[in-house]
Amino acid sequence: MNSTLLSPIVIIGAGQMGSGIALTCASKGFKVYLTDSNEAALKKAEQGLAATASKLQTQGILSASEEASLTKNLGFLPRFEQQDCGLVIEAATENEAIKTAIFADLHKRLPPRCIFASNTSSLSITRLAAAVSHPERFIGMHFMNPVPKMRLLEIIPGLATSTTTLSTMQSFARQLNKEVVISRDYPGFIVNRVLMPMINEAFTVLMEGIASREEIDLAMKLGTNQPMGPLALADYIGLDTCLSILEIMHQDLASSRFKPCPLLRQYVAAHWLGRKTGRGVYVYER
Ligand SMILES: NC(=O)c1ccc[n+]([C@@H]2O[C@H](COP(=O)([O-])OP(=O)(O)OC[C@H]3O[C@@H](n4cnc5c(N)ncnc54)[C@H](O)[C@@H]3O)[C@@H](O)[C@H]2O)c1
């Protein structure tokens, strides 16, 4: 696929996911703009980019030419007033009202060629697509964290998504060197439908005093051959995001299997959100 077809790409939300998606797309030669409604978040993403890129190069994840392409292709927009764009990837907070408002605003301004994608972890793609006038050009593109390192991309067509949009996004994923799985549009899709109950149960085991956080993580790492224990992974994802995903699955699947653990709720209430705030289940140096 010709990279100019989807360029420029606009990424909405400059948190951990938006920044990673922007970096990945720009390093593969796409012209990318990253934007956020919070100026401080956008600044933080811009300031952290050079350090992240050189770390990824040291780790062999980015080549020297990809790092150069990244610097050339990535721009930061405090306000998104652009009139042309081939692809929007929304990576804002996991909240349906926020995401719907973003799409409802954008679809009036952008040209008919534009494809709208959401990086939502759990919300209905079909419902989000109802905010735009061309739901056939709307799709779920669920990247994994950290985006430059993780090979998987879950693609979720909504009820109205066209086969052209799906095949364009499959080809885009290949250009990003991602392995694609396609999921039907059900809450949590594949990855979070399986992962979040495990994370939730790890919180319950901690809350019930069955074992310490370190023992729970070590048990799952060594006992089930995972690179990271579920509590450390929850901190990595963001406890607010984990809670939102569980709430959405609990409500939309109407099953108590997904009812969020009270301890998880408490951590979020205390604003212990994980790595991004310096404290979650564990404490991190900032
Ligand atoms: N964290 C993960 O591991 C992970 C993995 C896959 C998908 N996701 C999904 O990606 C999305 C973002 O998650 P994250 O971890 O990057 O969260 P985050 O909290 O790091 O970042 C969210 C960003 O969205 C911005 N934002 C909020 N409202 C906005 C608006 N109206 N316009 C523009 N920007 C706005 C916030 O200022 C913030 O910078 C969520 O939908 C989440 O479910 C997260």
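Counting convention: from 1, in listed order, for ligands and their atoms alike.
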Check whether [X] reaches the backbone of [Y] with its side chain - one donor and one acceptor, N or O, closer than 3.5 Å.
| X | Y | value |
| --- | --- | --- |
| Ser255 | Arg257 | yes |
| Asp217 | Leu231 | yes |
| Ser256 | Lys259 | no |
| Asn38 | Ala41 | yes |
| Asn200 | Met196 | no |
| Thr126 | Leu159 | yes |
| Lys178 | Val147 | yes |

Looking at [X], which atoms of ligand 1 are within less than 4.0 Å of one of its heavy atoms?
| X | answer |
| --- | --- |
| Asn38 | 37 (O) |
| Thr241 | 42 (C), 43 (O) |
| Asn145 | 1 (N), 2 (C), 3 (O) |
| Phe143 | 5 (C), 6 (C), 7 (C) |
| His142 | 6 (C), 7 (C) |
| Lys99 | 40 (C), 41 (O) |
| Ile102 | 30 (C), 31 (N), 32 (N) |
| Ala41 | 39 (O) |

### Step-by-step side-chain contact (heavy atoms from CB on, under 4.5 Å) determination, Leu74 to Lys31
CA-CA 6 Å; Leu74 182 53; Lys31 182 76 204 154; over 6 Å; no

Short N/O distance, under 3.5 Å, between [X] and ligand 1?
| X | value |
| --- | --- |
| Ile237 | yes |
| Ala92 | yes |
| Tyr236 | no |
| Ser121 | yes |
| Asp240 | no |

#### Entry: Within 45° cone and under 6.0 Å: Arg265 NZ/CZ vs Phe203 ring
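Judged by the rule, Arg265 and Phe203 form no cation-pi pair.
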
### Query
Where the closest heavy atom to atom 17 (O) of ligand 1 is concerned, which of Lys276, Met17, Glu94 has it?
Lys276

For [atom], what's the nearest protein heavy atom and its distance?
| atom | result |
| --- | --- |
| atom 30 (C) of ligand 1 | Ser37 OG, 3.4 Å |
| atom 10 (O) of ligand 1 | Asn119 ND2, 2.9 Å |
| atom 27 (C) of ligand 1 | Thr93 OG1, 3.2 Å |
| atom 20 (O) of ligand 1 | Gln16 N, 3.2 Å |
| atom 28 (N) of ligand 1 | Ile98 CG2, 3.5 Å |
| atom 39 (O) of ligand 1 | Asp36 OD2, 2.6 Å |
| atom 21 (O) of ligand 1 | Gly15 CA, 3.3 Å |

### Query
Is Glu90 near ligand 1, meaning one of its heavy atoms is under 4.0 Å from it?
no

#### Entry: Ala91 touching ligand 1 at heavy-atom level, < 4.0 angstrom
yes

Are a donor atom and an acceptor atom from the side chains of [X] and [Y] found within less than 3.5 Å of each other?
| X | Y | answer |
| --- | --- | --- |
| Asp235 | Tyr284 | yes |
| Ser212 | Glu215 | yes |
| Thr120 | Glu94 | yes |

### Task
Check Ile12 against ligand 1 and report side chain, backbone, both or neither, counting heavy atoms closer than 4.0 Å.
side chain

### Task
For a side-chain contact (heavy atoms from CB on, under 4.5 Å) with Met17, tell me which candidate from Ile89, Ile11, Asn119, Thr241 qualifies.
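Among Ile89, Ile11, Asn119, Thr241, the one meeting side-chain contact (heavy atoms from CB on, under 4.5 Å) with Met17 is Asn119.
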
### Heavy-atom check, side chain of Leu62 versus side chain of Pro148, under 4.5 Å
no

